[in-house]
**Q** 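I have a structure here, written as structure tokens, and I will follow up with some questions on it.
Worth saying up front: this structure is predicted, and the values here are computed from it rather than measured.
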Amino acid sequence: MPYDVKDISLAPQGKKKIEWVQKHMPVLEHIKKEFEKTKPFEGITIASCLHLEPKTINLGLTLQAGGAEVAMTGCNPLSTHDDATAAGAALGLNMYGWRGENNEEYYQNIHKVLDHNPDILIDDGADMIFLVHRERKELLTKIKGACEETTTGIHRLKSMAADNALKFPVMAVNDAYTKYMFDNRYGTGQSTFDSIMGATNMLIAGKTIVVCGYGWCGRGISMRALGLGGNVIVTEIDPIRALEAKMDGFRVMTIREAVKHADILLTVTGNIDVVSGDDFKYMKDGCVMANSGHFNVEINQTDLRNL
């Protein structure tokens, strides 16, 4: 199988990671056993643009067990596990991606996946679906459909659909109860603080945490911040969600007021320029900012650099 990964010799280490996650993914393992018997994807090529880590590699192996030819690349170069991608390649998946790709390499790898002429797309953030419509239009008649997993990606695709620009059906995985109620709330809530604590070695207890956005991801982050002993402030432009945050026991403020108190500020809206312009001038020295939305456009880094 063709592949382009960081170091194929990392495969044994990656296989151990995949074996570990398989113990914690019993539903997918049950589906994999069914697929091995029924082969529902025989003759089908499936292309994915997902976070390349052991759980998603296991998804690729499940589709492969169903008879599919599977080609995978990463939707975020900073989340790729090079040992897991090496293991995927060694186990027969068409793997393209490595940790720390630059922008050019990122899109080159999406093109390599699309070179397999897929019938079905699995996307995270909608970059691959966008690329097909913009640069790989020859594939539009071949692709039967796709699925998109993120809130941000669904926003982008709904805009395309409203303009009649979306040329094949896309399943909104993010709209499934088990996606937004569990992955968005509990998964994002935990992984956000795992990242912050790992990067900064900061104690969360006693800190003022500003959470921008009170969707399912924002709810989860706020819950985890409170559980870790943080003092939580929520900013939210939707009045019903703002009221919900208030009734859940959090302080609710405008961004301009909230940034004055923040020790840690987290954006999780799927929107652009949530923190921008003069907002930075009101922050305390040493305030830590992070984005848990899919794209790094919620904190206006150009405005920040200009200061």
Side-chain angles (χ1 to χ4, degrees), residues 14 17-18 20-28 48-60 72 74-85 97 99-101 122-127 148-155 173-205 207 209-230 232 234 248 250 262-271 274-275 288-299:
K17 285 186 177 181
I18 293 170
W20 167 259
V21 302
Q22 286 171 341
K23 296 177 186 294
H24 299 273
M25 302 177 77
V27 175
L28 195 66
S48 74
C49 184
L50 300 168
H51 295 279
L52 289 182
E53 44 88 27
K55 295 185 292 296
T56 53
I57 304 300
N58 192 36
L59 170 63
M72 305 184 73
C75 67
N76 185 336
L78 298 178
S79 66
T80 298
H81 290 218
D82 287 323
D83 50 2
T85 59
R99 183 176 178 84
E101 299 167 349
I122 302 176
D123 214 349
D124 187 331
D127 274 350
E148 167 55 43
E149 142 175 38
T150 65
T151 306
T152 305
I154 297 302
H155 288 334
V173 176
N174 191 70
D175 290 351
Y177 286 116
T178 49
K179 171 59 168 68
Y180 64 77
M181 291 185 71
F182 299 100
D183 178 49
N184 290 12
R185 177 163 55 175
Y186 297 107
T188 303
Q190 177 173 312
S191 63
T192 296
F193 282 101
D194 179 52
S195 298
I196 291 169
M197 291 187 289
T200 68
N201 199 29
M202 289 173 64
L203 182 69
I204 303 301
K207 299 291 192 303
I209 316 295
V210 172
V211 181
C212 301
Y214 204 66
W216 286 102
C217 293
R219 290 179 181 100
I221 289 173
S222 299
M223 182 196 307
R224 289 290 165 259
L226 185 66
L228 288 165
V232 182
V234 171
D248 284 344
F250 303 119
D263 297 305
I264 300 173
L265 182 143
L266 305 169
T267 54
V268 58
T269 70
N271 209 337
V274 176
V275 184
V288 172
M289 289 181 287
N291 170 54
S292 276
H294 184 78
F295 294 105
N296 61 340
V297 293
E298 302 194 30
I299 298 169

**Q** Between Asp248 and Phe250 (side chain of the first, backbone of the second, donor and acceptor by atom type, cut-off under 3.5 Å), is there such a pair?
**A**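 No, the answer is negative, given that no donor and acceptor are paired below the 3.5 Å cut-off.
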
**Q** I'd like to know if the side chain of Arg224 and the backbone of Gly220 have a donor-acceptor N/O pair within less than 3.5 Å.
**A**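 It does not hold such a pair.
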
**Q** Treating Glu298 as the side-chain partner and Gly270 as the backbone partner, does any N or O pair qualify as donor plus acceptor under 3.5 Å?
**A**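 Yes, the answer is positive, given that a donor and an acceptor are paired below the 3.5 Å cut-off.
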
**Q** A side-chain contact here means heavy atoms from C-beta on lying under 4.5 Å apart; do Leu28 and Asn58 qualify?
**A**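 Touching, per the 4.5 Å side-chain cut-off.
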
**Q** Using the test salt bridge (Lys or Arg N to Asp or Glu O under 4.0 Å), find all partners of Glu53 that sit at least two apart in sequence or belong to another chain.
**A**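 Scan of Glu53 (salt bridge (Lys or Arg N to Asp or Glu O under 4.0 Å), adjacent residues dropped) gives Lys55.
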
**Q** Any sub-3.5 Å donor-acceptor pair from Asp194's side-chain atoms to Gly198's backbone N or O?
**A**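 No, Asp194 side chain to Gly198 backbone: no donor-acceptor pair under 3.5 Å.
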
**Q** Do any N or O atoms from the side chain of Ser48 and from the backbone of Leu50 form a donor-acceptor pair under 3.5 angstrom?
**A**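 The answer is no, because no donor-acceptor pair under 3.5 Å joins these two groups.
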
**Q** For the pair Lys179 (side chain) and Asn184 (backbone), establish whether a donor and an acceptor sit closer than 3.5 Å, ignoring hydrogens and angles.
**A**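 Flag not set: sc Lys179 to bb Asn184 has no pair under 3.5 Å.
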
**Q** Evaluate the side-chain proximity of Lys17 to His81: yes if any heavy-atom separation is below 4.5 Å, no if none is.
**A**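 A side-chain contact exists here, since the closest heavy-atom pair is under 4.5 Å.
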
**Q** Please find the pair of heavy atoms, one from Ile209 and one from Gly230, that lie closest to each other, and give the distance.
**A**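 Closest pair (atom of Ile209, atom of Gly230, distance): CG1-CA, 4.3 Å.
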
**Q** Which residue, Thr85, Asp83, Leu59, Val21, forms the side chain to side chain contact (heavy atoms under 4.5 Å, CB included) with Pro54?
**A**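 Of all the options given, the one that passes is Val21.
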
**Q** Output, in order, the C-alpha distance, side-chain angles, deciding distance and verdict of side chain to side chain contact (heavy atoms under 4.5 Å, CB included) for Leu266 and Cys212.
**A** CA-CA 6 Å; Leu266 305 169; Cys212 301; over 6 Å; no

**Q** Keeping the roles fixed (side chain from Glu148, backbone from Ala126), state whether a donor-acceptor pair exists under 3.5 Å.
**A**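 Yes; judged by distance alone, with no hydrogens or angles, the pair exists.
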
**Q** Verify the distance criterion only: is there a donor paired with an acceptor across the side chains of Thr150 and Asn174 at less than 3.5 Å?
**A**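 Judged by distance alone, the side chains do not pair up.
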
**Q** Can you check whether Gly125's main-chain N or O pairs, donor with acceptor, with Asp123's side chain at less than 3.5 Å?
**A**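 A pair under 3.5 Å: no.
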
**Q** Using the test ring-ring contact (aromatic ring centres under 6.0 Å, His included), find all partners of Phe193 that sit at least two apart in sequence or belong to another chain.
**A**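 Residues passing ring-ring contact (aromatic ring centres under 6.0 Å, His included) with Phe193: none at all.
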
**Q** Indicate yes or no: at least one non-hydrogen side-chain atom of Val211 is less than 4.5 angstrom from one of Val268.
**A**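 Result yes, sub-4.5 Å side-chain heavy-atom pair found.
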
**Q** Mind running side chain to side chain contact (heavy atoms under 4.5 Å, CB included) on Arg185 and Cys217 for me, showing each step along the way?
**A** CA-CA 5 Å; Arg185 177 163 55 175; Cys217 293; over 6 Å; no

**Q** Determine whether Thr80 and Leu78 make a side-chain contact, defined as any pair of heavy atoms from C-beta on separated by less than 4.5 Å.
**A**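 Side chain of Thr80 against side chain of Leu78, heavy atoms only: no contact under 4.5 Å found.
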
**Q** Answer yes or no: is there a side-chain heavy-atom contact under 4.5 Å between Met72 and Ile122?
**A**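 Contact flag for Met72/Ile122 side chains = no.
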
**Q** Which heavy atom in Asp175 sits nearest to a heavy atom in Tyr180, and how many Å separate them?
**A**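 Shortest heavy-atom separation between Asp175 and Tyr180 comes out as O-CE2, 3.2 Å.
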
**Q** Heavy-atom distance under 4.5 Å between the side chains of Thr188 and Ile221, does that happen here?
**A**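 In contact.
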
**Q** Please round to the nearest 0.5 Å and tell me the distance separating atom CG of Leu228 and atom CE of Met197.
**A**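 Separation between the atoms: 5.0 Å.
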
**Q** Answer whether the closest heavy-atom distance between the side chains of Val232 and Ser222 falls below 4.5 Å.
**A**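 A side-chain contact exists here, since the closest heavy-atom pair is under 4.5 Å.
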
**Q** How far does CG of Asp124 sit from OG1 of Thr56, to the nearest 0.5 angstrom?
**A**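 Going from the CG atom of Asp124 to the OG1 atom of Thr56 covers 9.0 Å.
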
**Q** Look only at the side chain of Asp82 and the backbone of Arg99, and say whether a donor-acceptor pair between them is shorter than 3.5 Å.
**A**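 Checking the backbone N and O of Arg99 against the side chain of Asp82, a donor-acceptor pair under 3.5 Å is found.
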
**Q** Measuring only between side-chain heavy atoms, which start at C-beta, is Ile264 closer than 4.5 Å to Val210?
**A**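 Contact flag for Ile264/Val210 side chains = no.
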
**Q** Give me the atom names and distance for the closest heavy-atom approach of Asn291 to Asn296.
**A**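 Closest pair (atom of Asn291, atom of Asn296, distance): ND2-CA, 3.7 Å.
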
**Q** Donor-acceptor pair, Gln190 side chain versus Thr192 backbone, under 3.5 Å?
**A**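 No: the side chain of Gln190 does not pair with the backbone of Thr192.
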
**Q** Set out, in order, the CA-CA distance, both residues' side-chain angles and the distance that settles side chain to side chain contact (heavy atoms under 4.5 Å, CB included) for Met223 and Tyr186, then state yes or no.
**A** CA-CA 9 Å; Met223 182 196 307; Tyr186 297 107; 4.1 Å; yes

**Q** If you round to the nearest 0.5 Å, how far is CD1 of Ile196 from OG of Ser292?
**A**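 Atom-to-atom, Ser292:OG and Ile196:CD1 are 6.5 Å apart.
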
